[in-house]
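The model shown is predicted, which means the values in this text are computed figures rather than measured ones. Keep in mind that the numbers below use all heavy atoms, side chains included, and drop hydrogens, waters and symmetry copies. Each chain gets a letter, A, B and so on, in the order its sequence line appears, and its residues count up from 1.
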Amino acid sequence: MPDPEHAIHLLHQMLRIRRLEEKSAELYSAMKIRGFLHLYIGEEAVAVGVAQALSAEDAMVATYREHAHALVRGMPAKSIMAEMFGKQGGCCRGRGGSMHFFDIETRLYGGNAIVGGGLPVAAGLALADKLQDKMRLTCCCFGEGAIAEGEFHETMNLAVLWQLPVLFLCENNLYAMGTALERSESETDLTRKAASYGMRTAAVDGMDILAVVAAAGEAVSFIREQQAPFFLECRTYRFRPHSMFDPELYRTKEEVEKWKQRDPILMFKAQLFANGVLDEARLEHLEQQVAAEIADAVAFAEASPLEPVEDLTRFVYSERSPE
Amino acid sequence: MPDPEHAIHLLHQMLRIRRLEEKSAELYSAMKIRGFLHLYIGEEAVAVGVAQALSAEDAMVATYREHAHALVRGMPAKSIMAEMFGKQGGCCRGRGGSMHFFDIETRLYGGNAIVGGGLPVAAGLALADKLQDKMRLTCCCFGEGAIAEGEFHETMNLAVLWQLPVLFLCENNLYAMGTALERSESETDLTRKAASYGMRTAAVDGMDILAVVAAAGEAVSFIREQQAPFFLECRTYRFRPHSMFDPELYRTKEEVEKWKQRDPILMFKAQLFANGVLDEARLEHLEQQVAAEIADAVAFAEASPLEPVEDLTRFVYSERSPE
Amino acid sequence: MSAATQQSSYREAVRAGLHEALQKDSRVFLMGEDVGAYGGCFACSKGLLEEFGPARVRDTPLSESTFTGMGIGAALGGMRPIVEIMTVNFSLLALDQIVNNAATYLHMSGGLFNVPLVIRMATGGGKQLAAQHSHSLEGWYAHIPGLKVLAPATLEDARGMLLTALEDPDPVLIFEAAVLYPMEGELSPVITPVSIDRANIVRTGRDLTILSYGASLYKGLDAAEQLSAGGIDAEVIDLRSLRPLDDAAIIGSVEKTRRAIIVDEGWRSGSLAAEISARIMEQAFYELDAPVERICSVEVPMPYAAHLEQAALPQVRSIVEAARRMVVGNG
Amino acid sequence: MSAATQQSSYREAVRAGLHEALQKDSRVFLMGEDVGAYGGCFACSKGLLEEFGPARVRDTPLSESTFTGMGIGAALGGMRPIVEIMTVNFSLLALDQIVNNAATYLHMSGGLFNVPLVIRMATGGGKQLAAQHSHSLEGWYAHIPGLKVLAPATLEDARGMLLTALEDPDPVLIFEAAVLYPMEGELSPVITPVSIDRANIVRTGRDLTILSYGASLYKGLDAAEQLSAGGIDAEVIDLRSLRPLDDAAIIGSVEKTRRAIIVDEGWRSGSLAAEISARIMEQAFYELDAPVERICSVEVPMPYAAHLEQAALPQVRSIVEAARRMVVGNG
Ligand SMILES: Cc1ncc(C[n+]2csc(CCOP(=O)(O)OP(=O)(O)O)c2C)c(N)n1
Ligand SMILES: Cc1ncc(C[n+]2csc(CCOP(=O)(O)OP(=O)(O)O)c2C)c(N)n1
Ligand SMILES: [Mg+2]
Ligand SMILES: [Mg+2]
């Protein structure tokens, strides 16, 4: 058990994600958010746990399921919400939407909607760091479904061959849309697959925040010390449909319910109550804090203007000249 | 040691390949053959050894370095040579050239010039057989360089996941053009890589014809019995440049000379002389047979007419209606 | 077409085509991501796994290049595969197999091996899916000899073109417009292949020709409605097949109306619309009363925000304005 | 250009550009298959590994999609990568990275992240490499907003455009015509970037405009020579940049000559030539004395046999015949 304040911090982060996602779902039904919306509910311990091991200089390349990562890495909820509203106040002025968050401050290089498409980019960022002797790493998030893509294979090989400082964070929630892992991979032990490239690997219970914190810490120190890649599999589960269009024909309610028993937030709350680190008052306070933050974000998004239509063709090519 | 006549047969096959390739190089310099020409000299034991395990119903998908496979599978040297001459008498009426041999009789589905491009096609042929309960297999040839391609990864996974009867024949000649294996793969034990998909694998000395015959035999019986894929690595070496344009800056003459000590034909000849299976007269006779076959092929190619230019746009779409 | 037509959606029409194909030919199978247990990402194959089983309705891993290449191999091996690539956006990962194998096998082999493969994919924007999920690249595929490219805009074509494609000895790509899946309409009870030899004159007119396909066709029809109110009589043509193009229909109509607008959701530069404009230039230059115009997507990666996305896509208003310019403007 | 020019080949010009780029900017590195130990599959990087070392001249495994994507990442990370994809034929495997990442990053991120990446590849047929190794798909890339597409036809451009591209904040693709590598010519001793804003009028003429780029440019020039013998005075334009196109130069010339032929090695349907024809239709219709013509490749996968391949490629004779038709035929 970490020191109480850090434990509370971890819970706070997970709650921020959970409530942001719940609100997003609500706003999707209210048609304030459109396009695809992929929720992270159930997987919070992964993003929060890994974020503890990263430092400000580190970069991240994520997927379309990246709200949580953006938030815990320090992007303001306002700019996240405004982006999903398609407003000028969003991190990408409304051009990216839910699947494409970008941020210079926290070095978030997207938000990629092509499964596997971010892996080579992450390896390239790490190569740039290596060539410039910058002692930082790139965290590359992807689902277990991406492992079947050729780019996974090519990137694993090059990352090890060239010893690139990348944390390959596999968020294994057992399904790629409706395709269960065992119906898509001949070898379902994903660390085995990664290890076949000579990659250092570990797998951890992605529903246990403290386990993720520990595993990510070890992975990241290995990367920093060895200047070599690491593959970390976090075994988790998606409580919600793949996106807002998913009838969920491919899994049973019972299975989902079973996993909800292992809700990372419920489990951690229980732990903290048991250890007397948390009490109802403190929890209530946290929830209020989070509620206020999200209410602010929504208000900001509502109030934010639209990007002028005249600016449609901006950012197809750079406006500034190169440094 | 197999029975004498079979041993002679193996030598004969290797000689046919060697002399055909030597003649092709000569004809390239004479500008009778154009485009790219990739020679198999030094690797003969692989194609010949594996061919012994295949039956007439089996299919093959090969690469641009496929002259040997076409020949040992039973394609007439005439149609091979005429194809390289770009003549109508060629297996593809001169449209394919050296890199694209096709044949219905021997079920050769190319001749593919995109590295890795043949792997999915081979898996698809095997899937068709499986769906039609046809008890035959598809032999898929590729160089070790293809292993870095994403399609290798995707195909290994699907072949095992769907239990497809494919012999994945990796012709590891240590170089992909000028790139040595250890500079392109983080894991240079290729059977290890293939095994990570749950694939049955074996590696064999590709310069030892009898070893290849044995290994291919076991691999093929496994595939036929288990109706599952097998990855066979044949460790060999390319004595000639990658193609006719290669200055060979990436390897030393010494290295090439060292490997030539293990010339599969020289070694096997010595073995046969030692065992009294072969004598000078018999060898002389074999060489004459081969020389005659190739002379015929060249004469045929020379005499064969060109495809009429008016037929340029034939075979873009089928002329017949589907069965 | 029989009298007793039934109500259906474009989505159900696609599903009906798939059902018929699987039922009438044992060589046919469907393969792609989430076509089975999920029911198809657009629900076009819902229930087919249950009815035809996992051997014929095959969920694949995320491996676009390989399952597309396996479709090629299976077609060479005697099957009639239908490969579903969820959307054209992901087909970029399978492009090597389509362009370097599917399109070349017949020619490279001197006519020995044809590839009777059907590849289906959804195409187009308009759903706020942003830059990586809104491509309309069917015009690219129409550039490749050896391929046939179809774009069903109607329910009958959504169902029938699949059956037609399955009878073709060569690779056929079918582009279903994602925004059309919910479209409701009438469908004949008789399930048959449809001829793909001719473009379809959806609306006859005197004053100008609006050429389009897929989802954009309806923008052309809306524009024609508005124009007729203003006394301009537009002919509207559904191209249906993008490769080959029906030159006879295109030129025939333009020779009659002497004016043409092409509506195409692809980016303007290098669009299919450019090809059609160039053909009209070559085959009907002296018949033209005004230069052919193109209404295409603005050349920008598709933005997420609705107002920006709509501004990027071809608009009915732009078609109407162009038509007025052409007809009133001169000739 | 200085007086004391030196003899060089197109290949050496490319190499000189690479050498200069590596020497003057430590952020620049070269990455691709066989660029190092092999010296480049066309010998364009011979000796560079020895001079600049393996960190800056990086041989990659056969992994087109990933090393191209890594170029994108490295560009985002502050480097100035030059990715070499041996030939356009293999770039199909990297297309997702180029179209869905390189071309979209700046826009998707609302202007936050630009991608200063240069991708070089050889293009074109004419070497009897058959259907999978003879593509001329640069026109495809010219369809994509967010990319710039260059096609050096001269030694100066082969060397200078690389340096210009490296100064660009956005992704630039350079298509080197494989058949031009051995071409000999004069090269200025002053190694500098070249402007890519304007197409180049290589030959001025009154009677018609021949628009082309890359290797086909020389067919246009040969045709112009033959035509002048027959008293027809052709203007020949080297487009140089395929995206953006220099409309001013194209339209300016056509307004003068009133006739245009576009020579483009891409397959005719959906070719870059179609785009140029459409633009002339839109911007100079009333100036034209005859319909614009296209001389492109016949729509067939490239056959191996020399006589068939030559018949498939644009021929000088076809250009000359088309020009005669246009000039004598009317106007
Ligand atoms: C290349 C590609 N193919 C298909 C899709 C459609 N798609 C979007 S998400 C998804 C499933 C991905 O599953 P996984 O990688 O496990 O991530 P998860 O959604 O479970 O977090 C699919 C098939 C895509 N976006 N990109
Ligand atoms: C996708 C692709 N990339 C690059 C090339 C160019 N190329 C042709 S052969 C070759 C090397 C292949 O090596 P390997 O697979 O080991 O086969 P080998 O030539 O040694 O038999 C390369 C890079 C190609 N043909 N296809
Ligand atoms: Mg998943
Ligand atoms: Mg090799």
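For chain A, the option among Leu93(D), Thr68(D), Leu147(D) with the highest count of heavy-atom pairs below 4.5 Å is Leu147(D). Your options are Val121(A), Ile104(A), Thr138(A), and the one with the most heavy-atom pairs under 4.5 Å with chain D is Val121(A). Interface remark: of the candidates Arg56(D), Arg58(D), Met31(D), Arg58(D) forms the most heavy-atom pairs closer than 4.5 Å to chain A.
In this structure, Tyr317(A) and Lys148(D) have side chains that are in contact, with non-hydrogen atoms separated by less than 4.5 Å. Contact of the Leu106(D) side chain with the Val316(A) side chain is not registered, since no non-hydrogen atoms from C-beta on lie closer than 4.5 Å. Within the 4.5 Å cutoff, the side chain of Gln97(D) has heavy atoms near those of the Pro120(A) side chain. Side-chain contact between Leu119(A) and Thr66(D) is absent, with no heavy atoms from C-beta onward closer than 4.5 Å. The shortest distance between side-chain heavy atoms of Met70(D) and Leu164(A) falls below 4.5 Å.
Atom CG in Leu131(A) sits 5.5 Å away from atom CZ in Phe29(D) (nearest 0.5 Å). Atoms CZ and OG, on Arg95(A) and Ser109(D) in that order, are 10.0 Å from each other to the nearest 0.5 Å. To the nearest 0.5 Å, the span separating OG1 on Thr104(D) from CG on Asn112(A) amounts to 7.5 Å. The CZ atom of Phe113(D) lies 7.0 Å from the CG atom of Asp103(A); values are rounded to the nearest 0.5 Å.
Judged as a side-chain contact (heavy atoms from CB on, under 4.5 Å), and not counting sequence neighbours, the contacts of Arg200(A) are Phe222(A), Phe230(A).
The closest donor-acceptor contact from the side chain of His107(D) to the backbone of Arg314(A) lies under 3.5 Å. In this structure a side-chain-to-backbone donor-acceptor pair under 3.5 Å is missing from Asp129(A) to Gly77(D). With hydrogens and angles ignored, the 3.5 Å screen pairs no side-chain donor or acceptor of Asn114(D) with any backbone N or O of Ser318(A).
If you measure heavy-atom distances from Pro116(D) to chain A, you find no contacts under 4.5 Å at all. For Leu117(D), no part sits under 4.5 Å from any heavy atom of chain A, backbone or side chain.
Between Leu112(D) and Cys91(A), the shortest heavy-atom distance links the atoms CD1-O, 3.5 Å.
In this model, a donor atom of one side chain and an acceptor atom of the other lie less than 3.5 Å apart for Ser65(D) and Glu151(A).
In this structure, the ring of Tyr105(D) has its center no less than 6.0 angstrom from the ring center of Tyr109(A).
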